[in-house]
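Below you'll find the structure, written out as C-alpha coordinates, and then a few comments.
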Amino acid sequence: MQKKYLKLLRAAQNLQLARGQQVPLEIKLEKQLRRLLANRKVNRRSPMIHIEHVHLCILQDGNSSPVLDPSNMRQHADEVILNYVDRLMPVVRKELVDKHRQLWTGILRLQSVRMQVYNKGKQQGTTFNRNLVAQIIHQIAPQVYLPTANTVVMAEHLEPGKGAAHPVRQKLGEVPEIGIKKSVDEYLKKYF
(Lines give C-alpha, C1' and ligand atoms only; values in the text may rest on other atoms or scores of the structure.)
Protein backbone atom coordinates (compact mmCIF):
# COMPACT_ATOMS: atom_id res chain seq x y z
CA MET A 1 0.00 0.00 0.00
CA GLN A 2 2.74 2.45 0.94
CA LYS A 3 4.61 1.79 -2.33
CA LYS A 4 1.46 2.48 -4.36
CA TYR A 5 0.84 5.63 -2.35
CA LEU A 6 4.41 6.88 -2.87
CA LYS A 7 4.16 6.11 -6.58
CA LEU A 8 0.98 8.11 -6.70
CA LEU A 9 2.65 11.07 -4.98
CA ARG A 10 5.59 10.97 -7.37
CA ALA A 11 3.24 10.84 -10.35
CA ALA A 12 1.35 13.83 -8.96
CA GLN A 13 4.59 15.77 -8.53
CA ASN A 14 5.68 14.97 -12.08
CA LEU A 15 2.30 15.99 -13.45
CA GLN A 16 2.46 19.22 -11.52
CA LEU A 17 5.97 20.03 -12.75
CA ALA A 18 5.09 19.19 -16.35
CA ARG A 19 2.20 21.61 -16.25
CA GLY A 20 4.23 24.28 -14.43
CA GLN A 21 1.37 24.94 -12.02
CA GLN A 22 0.86 25.32 -8.29
CA VAL A 23 -2.66 23.91 -8.25
CA PRO A 24 -3.81 21.54 -5.49
CA LEU A 25 -3.96 17.97 -6.72
CA GLU A 26 -6.40 16.94 -4.01
CA ILE A 27 -9.25 15.79 -6.24
CA LYS A 28 -7.24 13.51 -8.54
CA LEU A 29 -5.32 12.06 -5.63
CA GLU A 30 -8.48 11.52 -3.63
CA LYS A 31 -10.11 9.53 -6.44
CA GLN A 32 -7.03 7.39 -6.92
CA LEU A 33 -6.61 6.83 -3.17
CA ARG A 34 -10.24 5.78 -2.88
CA ARG A 35 -9.67 3.20 -5.62
CA LEU A 36 -6.58 1.91 -3.82
CA LEU A 37 -8.43 1.66 -0.52
CA ALA A 38 -11.39 -0.09 -2.12
CA ASN A 39 -9.08 -2.78 -3.50
CA ARG A 40 -7.16 -3.17 -0.24
CA LYS A 41 -7.99 -5.82 2.34
CA VAL A 42 -8.15 -4.30 5.81
CA ASN A 43 -6.73 -6.13 8.81
CA ARG A 44 -5.94 -5.05 12.35
CA ARG A 45 -2.28 -4.33 11.69
CA SER A 46 -2.70 -2.20 8.57
CA PRO A 47 -2.88 1.55 9.12
CA MET A 48 -6.02 3.25 7.87
CA ILE A 49 -5.77 6.30 5.67
CA HIS A 50 -8.59 8.74 6.18
CA ILE A 51 -9.20 10.52 2.89
CA GLU A 52 -10.52 13.62 4.67
CA HIS A 53 -7.04 14.20 6.09
CA VAL A 54 -5.14 13.75 2.84
CA HIS A 55 -4.68 17.23 1.43
CA LEU A 56 -1.70 17.69 -0.81
CA CYS A 57 -0.28 20.68 -2.57
CA ILE A 58 2.90 20.96 -4.59
CA LEU A 59 4.75 24.15 -3.78
CA GLN A 60 7.83 25.81 -5.17
CA ASP A 61 10.59 26.72 -2.72
CA GLY A 62 13.51 29.06 -3.34
CA ASN A 63 15.34 26.41 -5.41
CA SER A 64 12.34 25.76 -7.67
CA SER A 65 12.26 22.15 -6.59
CA PRO A 66 8.95 20.53 -5.64
CA VAL A 67 8.07 20.29 -1.96
CA LEU A 68 5.18 18.29 -0.56
CA ASP A 69 3.41 20.35 2.10
CA PRO A 70 0.29 18.72 3.60
CA SER A 71 -0.51 21.55 6.03
CA ASN A 72 -0.52 24.32 3.45
CA MET A 73 -3.66 23.14 1.64
CA ARG A 74 -6.10 24.05 4.41
CA GLN A 75 -4.28 27.25 5.31
CA HIS A 76 -4.41 28.38 1.70
CA ALA A 77 -8.10 27.44 1.40
CA ASP A 78 -8.90 29.31 4.62
CA GLU A 79 -7.13 32.40 3.32
CA VAL A 80 -9.06 32.22 0.04
CA ILE A 81 -12.36 31.89 1.94
CA LEU A 82 -11.49 34.77 4.27
CA ASN A 83 -10.59 36.97 1.31
CA TYR A 84 -13.91 36.00 -0.29
CA VAL A 85 -16.02 36.97 2.74
CA ASP A 86 -13.92 40.11 3.22
CA ARG A 87 -15.62 41.38 0.07
CA LEU A 88 -18.65 41.93 2.30
CA MET A 89 -16.84 44.48 4.50
CA PRO A 90 -18.91 47.41 3.13
CA VAL A 91 -22.07 45.81 4.53
CA VAL A 92 -20.68 44.62 7.90
CA ARG A 93 -22.12 46.33 10.99
CA LYS A 94 -19.79 49.05 12.25
CA GLU A 95 -19.27 47.42 15.65
CA LEU A 96 -18.11 44.18 13.97
CA VAL A 97 -15.78 45.55 11.29
CA ASP A 98 -12.67 44.75 13.34
CA LYS A 99 -13.99 41.32 14.38
CA HIS A 100 -15.36 40.09 11.04
CA ARG A 101 -12.28 38.12 10.00
CA GLN A 102 -11.88 36.66 13.51
CA LEU A 103 -15.53 35.59 13.46
CA TRP A 104 -15.08 33.79 10.15
CA THR A 105 -11.84 32.17 11.27
CA GLY A 106 -13.74 30.67 14.20
CA ILE A 107 -16.56 29.50 11.93
CA LEU A 108 -14.07 27.81 9.59
CA ARG A 109 -12.56 25.94 12.56
CA LEU A 110 -15.90 24.35 13.50
CA GLN A 111 -15.73 20.61 12.84
CA SER A 112 -19.01 20.41 10.94
CA VAL A 113 -17.98 23.29 8.67
CA ARG A 114 -14.44 21.98 8.12
CA MET A 115 -15.81 18.67 6.94
CA GLN A 116 -17.63 20.28 4.00
CA VAL A 117 -16.17 23.70 3.23
CA TYR A 118 -13.08 22.31 1.45
CA ASN A 119 -15.15 20.08 -0.85
CA LYS A 120 -16.18 22.24 -3.79
CA GLY A 121 -18.11 19.46 -5.52
CA LYS A 122 -19.22 20.41 -9.03
CA GLN A 123 -18.90 24.16 -8.48
CA GLN A 124 -16.74 25.86 -11.08
CA GLY A 125 -14.31 28.71 -10.65
CA THR A 126 -13.70 28.10 -6.96
CA THR A 127 -11.40 26.14 -4.66
CA PHE A 128 -13.89 25.81 -1.78
CA ASN A 129 -17.58 25.13 -1.21
CA ARG A 130 -18.88 28.56 -2.16
CA ASN A 131 -22.49 27.45 -1.68
CA LEU A 132 -21.89 26.48 1.94
CA VAL A 133 -20.14 29.79 2.64
CA ALA A 134 -23.11 31.65 1.13
CA GLN A 135 -25.54 29.65 3.28
CA ILE A 136 -23.53 30.47 6.41
CA ILE A 137 -23.53 34.14 5.38
CA HIS A 138 -27.32 33.94 5.20
CA GLN A 139 -27.47 32.35 8.64
CA ILE A 140 -25.27 34.95 10.36
CA ALA A 141 -26.58 37.94 8.36
CA PRO A 142 -28.99 39.31 11.01
CA GLN A 143 -26.24 39.60 13.63
CA VAL A 144 -23.27 40.53 11.42
CA TYR A 145 -24.43 42.43 8.34
CA LEU A 146 -26.45 45.62 7.87
CA PRO A 147 -30.23 45.27 7.43
CA THR A 148 -29.91 46.79 3.94
CA ALA A 149 -27.65 43.89 2.87
CA ASN A 150 -30.08 41.66 1.02
CA THR A 151 -29.13 38.77 -1.30
CA VAL A 152 -28.74 41.02 -4.33
CA VAL A 153 -26.40 43.46 -2.56
CA MET A 154 -24.33 40.64 -1.06
CA ALA A 155 -24.11 38.80 -4.38
CA GLU A 156 -22.85 41.98 -6.06
CA HIS A 157 -20.13 42.33 -3.41
CA LEU A 158 -19.14 38.65 -3.45
CA GLU A 159 -19.15 38.23 -7.23
CA PRO A 160 -18.54 41.68 -8.73
CA GLY A 161 -18.36 40.32 -12.29
CA LYS A 162 -21.82 38.76 -12.45
CA GLY A 163 -23.43 40.20 -9.34
CA ALA A 164 -27.12 39.44 -9.01
CA ALA A 165 -27.03 36.96 -11.92
CA HIS A 166 -24.46 34.72 -10.19
CA PRO A 167 -25.72 31.37 -8.76
CA VAL A 168 -24.38 32.35 -5.32
CA ARG A 169 -27.33 34.73 -4.99
CA GLN A 170 -29.73 31.80 -4.62
CA LYS A 171 -27.54 30.20 -1.95
CA LEU A 172 -27.46 33.49 -0.03
CA GLY A 173 -31.16 32.90 0.61
CA GLU A 174 -30.79 29.35 1.94
CA VAL A 175 -29.95 28.00 5.39
CA PRO A 176 -27.18 25.37 5.75
CA GLU A 177 -28.01 21.81 6.77
CA ILE A 178 -29.07 21.21 10.36
CA GLY A 179 -25.72 20.02 11.77
CA ILE A 180 -23.84 23.02 10.42
CA LYS A 181 -26.63 25.41 11.42
CA LYS A 182 -26.56 24.16 15.02
CA SER A 183 -22.80 24.40 15.38
CA VAL A 184 -22.70 27.91 13.88
CA ASP A 185 -25.56 28.98 16.18
CA GLU A 186 -23.67 27.64 19.22
CA TYR A 187 -20.54 29.48 18.11
CA LEU A 188 -22.47 32.72 17.62
CA LYS A 189 -23.97 32.42 21.15
CA LYS A 190 -20.43 32.28 22.55
CA TYR A 191 -19.28 35.09 20.29
CA PHE A 192 -22.10 37.57 20.99
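- Counting only distance, with no hydrogens or angles, the side chain of Q139 and the backbone of K181 share a donor-acceptor pair below 3.5 Å.
- Here the closest heavy-atom approach between residue G125 and residue R130 is recorded as O-NH1, 3.8 Å.
- For the residue pair L172 and A134, the shortest heavy atom distance occurs at CD2-O, 3.7 Å.
- Pairing each heavy atom of S183 with each of S112, the nearest pair is OG-OG, 2.5 Å.
- The distance from atom CZ of R114 to atom CG of N119, rounded to the nearest 0.5 Å, is 14.5 Å.
- Of all heavy-atom pairs spanning R93 and P142, the tightest one is NH2-O, 2.8 Å.
- Hydrophobic clustering, with ILVMFWY side chains joined whenever heavy atoms are under 4.5 angstrom apart, groups V97 together with V85.
- Taking the six-membered ring for Trp, Y145 and H100 have ring centres closer than 6.0 Å.
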Could you go through L158 and I137, starting from their C-alpha distance and side-chain angles, then the distance that decides it, and tell me whether this counts as side chain to side chain contact (heavy atoms under 4.5 Å, CB included)? CA-CA 11 Å; L158 289 173; I137 290 170; 3.9 Å; yes
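- For the residue pair V133 and W104, the shortest heavy atom distance occurs at O-CH2, 3.8 Å.
- When the shell of 6.0 Å around CE of M89 is examined, it contains more than 12 heavy atoms from other residues, nucleotides or ligands.
- Look at E174 and K171 and you find a salt bridge, because one of the NZ, NE, NH1 or NH2 atoms lies within 4.0 Å of a carboxylate O, short of that distance.
- Using a 4.0 Å cut-off between a side-chain N of Lys or Arg and a carboxylate O of Asp or Glu, D185 and K189 do not qualify as a salt bridge.
- Heavy atoms from other residues, nucleotides or ligands lying under 6.0 Å from CD of E79 number more than 12.
- Annotation: R87, atom CZ; neighbour count of heavy atoms from other residues, nucleotides and ligands within 6.0 Å is above 12.
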Residues V80, T126; criterion side chain to side chain contact (heavy atoms under 4.5 Å, CB included); working and verdict: CA-CA 9 Å; V80 170; T126 185; over 6 Å; no
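- Minimum interatomic distance between A149 and V91 (heavy atoms only, all atoms of both residues): CB-CB, 3.7 Å.
- When side chains are defined from C-beta on, T127 does not count as touching Y84, because their heavy atoms never get closer than 4.5 Å.
- In N83, the CG atom is crowded: over 12 heavy atoms of neighbouring residues, nucleotides or ligands sit closer than 6.0 Å.
- To the nearest 0.5 Å, atoms NZ (K190) and CD (E186) are separated by 6.5 Å.
- Between F128 and D78 the shortest side-chain heavy-atom distance does not fall below 4.5 Å.
- In this structure, the side chains of L103 and I140 come closer than 4.5 Å at one or more pairs of heavy atoms.
- Partner of V117 under the side chain to side chain contact (heavy atoms under 4.5 Å, CB included) criterion, out of L110, L108, I136: L108 alone.
- For the atom pair CD (E156) and CZ (R169), the distance works out to 8.5 Å, reported to the nearest 0.5 Å.
- E159 contributes atom CD, which lies 14.0 Å from atom CE of M154 (distance to the nearest 0.5 angstrom).
- A donor-acceptor contact shorter than 3.5 Å links the side chain of Q123 to the backbone of N131.
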